[in-house]
A.B. asks: 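Input: one structure, supplied below.
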Amino acid sequence: MQLTNEQVAQFERDGYLFFEELFSPEEVAALDAAIPKINADLTRGGVRREASSDTVRFFHGPHLYNDTVGRLSRHPRLAGPAAQLLDSSIYVFQSRLVMKTGLTERPFSGFPWHQDFSTWYLIDGMVEPTPVIVAIFVDEVTACNAPIQLIPQSHRYGLITDRDREPEDESYSQIVIHPQRLRELVDEGGITALLGAPGSVLFMHSNLVHASTENISPLRRAFYYVIYDNIDNVCQNTTRSQYSASLDNTPITALPDDCLIR
Ligand SMILES: O=C(O)CCC(=O)C(=O)O
């Protein structure tokens, strides 16, 4: 898939692009069917649980061991635009399955206002904030099941260091943005909650400020994420496992368009 010049300009201006139902119901069914398989082995690296319960919060790196996510990470509707936005050969820096399960005993907790680049800068020694973050909706996202919220144009400020609090967990450092700074960003760019059908896809700049609240609905809101980067921006200082931060910058080649369903 190729973006138009207008879409590239929109990404540069707003820090994101959103495509409703980029994947068909059949393709989404394949992505959904991979979730129980990924959940079947919780002994692998890259599994992170909620602080207050055993509920899995996310899996890092499922593209490395699950064939469906491996194919998703090389899908031309994702890798094509990512290579175009990065204007280079690309590698997969990270993938994630964020479970955002519906309410069971405790709600799935939220993600505070942050930029993903802050984590990669603090933990992995990433130099350039170039990665393109792609989120693929597996479930319908409504106002009720904790949509991702974005502050358009906030990527233009680079890494924001006005920190609200110190990181609680060194294995997952990030700069949680101070409320005063957040106010300024929102006064300028507003806030957008991305709602959409399964199969919808978000492309986001690694410095775009985003968050989501806890999910108190009984409705799951699972997303796959694939994070692409230019092959020259490898994190030489990372101590994290390959599940969380890839040192393998082999350029990826896209698979055929029907790779999820054949
Ligand atoms: O999927 C979400 O609600 C947000 C996830 C997020 O911000 C992250 O993994 O950094």
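Worth knowing before you read on, the calculation uses all heavy atoms, side chains too, and leaves out hydrogens, waters and symmetry mates. Residue numbers start at 1 and run along the sequence shown. Both ligands and their constituent atoms are indexed starting at 1 by order of listing.
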A.B. asks: Take the angle between the ring planes of His60 and Phe58 and call it parallel below 30°, perpendicular above 60°, tilted in between.
C.D. replies: parallel
A.B. asks: Please list, in number order, the atoms of ligand 1 under 4.0 Å from a heavy atom of His210.
C.D. replies: 6 (C), 7 (O), 10 (O)
A.B. asks: Is the closest heavy atom of Tyr225 to ligand 1 under 4.0 Å?
C.D. replies: yes
A.B. asks: Can you label the angle between the Tyr243 ring and the Tyr65 ring as parallel, tilted or perpendicular, going by 30° and 60°?
C.D. replies: perpendicular
A.B. asks: Can you see whether Phe108 has Arg220 sitting over its ring - NZ or CZ less than 6.0 Å from the centre and within 45° of the normal?
C.D. replies: no
A.B. asks: Would you please classify the geometry between the Phe137 ring and the Phe18 ring as parallel, tilted or perpendicular, with 30° and 60° separating the classes?
C.D. replies: tilted
A.B. asks: Of the listed options (Lys100, Met99, Arg96), which comes nearest to atom 8 (C) of ligand 1 when hydrogens are ignored and any heavy atom counts?
C.D. replies: Arg96
A.B. asks: Check Thr119 against ligand 1 and report side chain, backbone, both or neither, counting heavy atoms closer than 4.0 Å.
C.D. replies: neither
A.B. asks: Suppose I only count heavy atoms of Asp116 and a 4.0 Å limit; which atoms of ligand 1 are within that range?
C.D. replies: 10 (O)
A.B. asks: Whether the side chain of Gln115 engages the backbone of Ile160 through a donor-acceptor N/O pair (distance < 3.5 Å, no angle test) should be reported.
C.D. replies: yes
A.B. asks: Does even one non-hydrogen atom of His114 get within less than 4.0 Å of ligand 1?
C.D. replies: yes
